[in-house]
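As structure tokens, the structure follows; a few thoughts come after it.
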There are 2 protein chains.
Amino acid sequence: MQTGSPSLPQVAALIGEPARASMLTALMAGKALTATELALAADISCQTASSHLAKLVGAGLLQVLKQGRHKYFRLRDGQVAGLIETMLNLSISLLPVNIRTGPPDPALRRARICYDHLAGELGVRLYQGLQQAEFIDERDAQASVTEKGKAFFQEKGCDLSALERRKRPLCRACLDWSERSHHLAGSLGQWLLEDILTRDWARRQPDSRVVLLSPTGEKALYRNYPLAKQ
Amino acid sequence: MQTGSPSLPQVAALIGEPARASMLTALMAGKALTATELALAADISCQTASSHLAKLVGAGLLQVLKQGRHKYFRLRDGQVAGLIETMLNLSISLLPVNIRTGPPDPALRRARICYDHLAGELGVRLYQGLQQAEFIDERDAQASVTEKGKAFFQEKGCDLSALERRKRPLCRACLDWSERSHHLAGSLGQWLLEDILTRDWARRQPDSRVVLLSPTGEKALYRNYPLAKQ
DNA sequence: TTAATGCTTCGATGGGCATCGAACTATGCA
DNA sequence: TGCATAGTTCGATGCCCATCGAAGCATTAA
């Protein structure tokens, strides 16, 4: 399938089909998934999944990677992920005020992956802590790293100048789905999540967006990074 | 119609219907429109429009204002407008690179309204000019007003401290649909457009997003604000 | 009151598309 | 070579929903 040039309603309609929306949100975890995994996630047969996936790839929302007899699908880039997150945010804010509970799973509220960076309560507290420590400066709901912050992150082993050379913005404030407040996105946000995972402070729960901190990992996180109070 | 709590696919599906998408983009001009006007914009009968509008209002995407026998509809808020603009941008960036022509109407490419601020070639050049003059500082694709800029805007009659007291961010970089580059959004962007209109340098073309500059208005704009070269 | 305008409700029609069974291709494994 | 698994194509089915004609309600103007 080669749709060519999807217009606004076409893109929206692609996301608007429940099965496809399930697949897309499943891919929000940032991992590439196979066609069958996505069929399971959306609770449909794999024939149906195949046709949906062909449409999503044809429109350019998904990238596909063939590996042996498997086909791995992932979101095309952060822009697509950003759109999904924006829509999630909007659909939350459309809810009547008193029912805004956020995701039902408490672990998901606590810490989860938003495409490639940390979201949830911990993500928000980390972002606020970085601000309070004046490592990050937020003006007009936009963020940048301060001189003090540059020193801090470099000391943590982050090659900021390498990150800055990328096309992607270093530091972006991403509105949190469950917390209704910002967390850190951009390439620095990505680096931070990777740092937390490679130091083995936390593990990703398989097949979900949940990030699970070990008790020692949690302590280490508190020692190494400034977190705002609850 | 009282949908109550629209989920992500529901929101997307609402936008995904071509007629509804036409109405929503018509409302991107920021003006409130009546049901019949929207029916015309979407090229459908008013019965059909009525049912579409009921759904959009029920989901909370539109606000409705009853005035005599007329019903005025407008986008609920900037968040909804932001989503539409995000989707427009994405659908543009999904196009094959060599066909990215932007809107067909040249006047629309030159200057148009993006919800409540100026977009198009002039919007982009204005934003870039403000940066070059160091009135606005952009880091990591995010903008803030410099001290120099504050003095400049205050001299132009803009009560910046009043704008800053609002919840809305003062200064936001909004990715331009046709130019693939940023223009100024946020409350300062809104003020700037209003300033241009109240000084009568430009007029809005009825029933469209086009902003039409008079010859003298264009000169005045060049005199009063820094515009980047073509 | 009557007529005109703006909008809505109801009901019938039709088209688009998601769905899955069945059959098929492609890859990997033994 | 044969079997299992991953994914696709085709065709038939059925549902959802956009559409509009006709009739109805509400508001304004005369």
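So that the names make sense, note that chain A is the first sequence line, chain B the second, and so on, each numbered from 1.
- Looking at B/K156, its side chain does come within 3.5 Å of a backbone N or O of B/N224 through a donor-acceptor pair.
- B/R20 places a side-chain N or O within 3.5 Å of a backbone atom of B/L14 that can act as its donor or acceptor partner.
- Although no hydrogens or angles enter the test, the distance criterion places no donor-acceptor pair under 3.5 Å between the side chain of B/R125 and the main chain of B/E121.
- A donor-acceptor contact shorter than 3.5 Å is absent between the side chain of B/E218 and the backbone of B/P215.
- In this structure a side-chain-to-backbone donor-acceptor pair under 3.5 Å is missing from B/N89 to B/I92.
- Using a 4.5 Å heavy-atom threshold, the side chains of A/R209 and A/C114 count as touching.
- Between A/Y72 atom OH and C/dT27 atom C1' the separation is 13 Å, expressed in whole Å.
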For nucleotides 19-24 of chain C, which of its nitrogen or oxygen atoms have a protein nitrogen or oxygen under 3.5 Å away, and what is each distance?
{"from": "C/dT19", "atom 1": "OP2", "to": "A/H52", "atom 2": "NE2", "distance (Å)": "2.6"}
{"from": "C/dC20", "atom 1": "OP2", "to": "A/S45", "atom 2": "N", "distance (Å)": "3.1"}
{"from": "C/dC20", "atom 1": "OP2", "to": "A/S45", "atom 2": "OG", "distance (Å)": "3.1"}
{"from": "C/dC20", "atom 1": "OP2", "to": "A/T48", "atom 2": "OG1", "distance (Å)": "3.1"}
{"from": "C/dG21", "atom 1": "N7", "to": "A/Q47", "atom 2": "NE2", "distance (Å)": "2.4"}

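- For A/D195 (side chain) and A/W191 (main-chain N/O), no donor-acceptor pair under 3.5 Å exists by modelled atom type.
- Contact check of residues 23-32 of chain A against DNA chain C (heavy atom, cut-off under 4.0 Å) returns no residues at all.
- A heavy atom lying under 4.0 Å from DNA chain D marks the following residues of residues 62-71 of chain A, by number: A/R69, A/H70, A/K71.
- One atom, CG of B/L38, and another, P of C/dT8, lie 11 Å apart when rounded to the nearest Å.
- When side chains are defined from C-beta on, A/S22 does not count as touching A/D43, because their heavy atoms never get closer than 4.5 Å.
- Separating the CD atom of A/E37 from the P atom of D/dG7 is a distance of 8 Å, rounded to the nearest angstrom.
- Using cut-offs of 30° and 60° for the angle between ring planes, the B/H183 and B/H117 rings count as tilted.
- The main-chain N or O of A/C46 is never found under 3.5 Å from a side-chain atom of A/S50 such that the two would form a donor-acceptor pair.
- Within the structure, a side-chain polar atom (N or O) of B/K55 is placed less than 4.0 Å from OP1 or OP2 of D/dA18.
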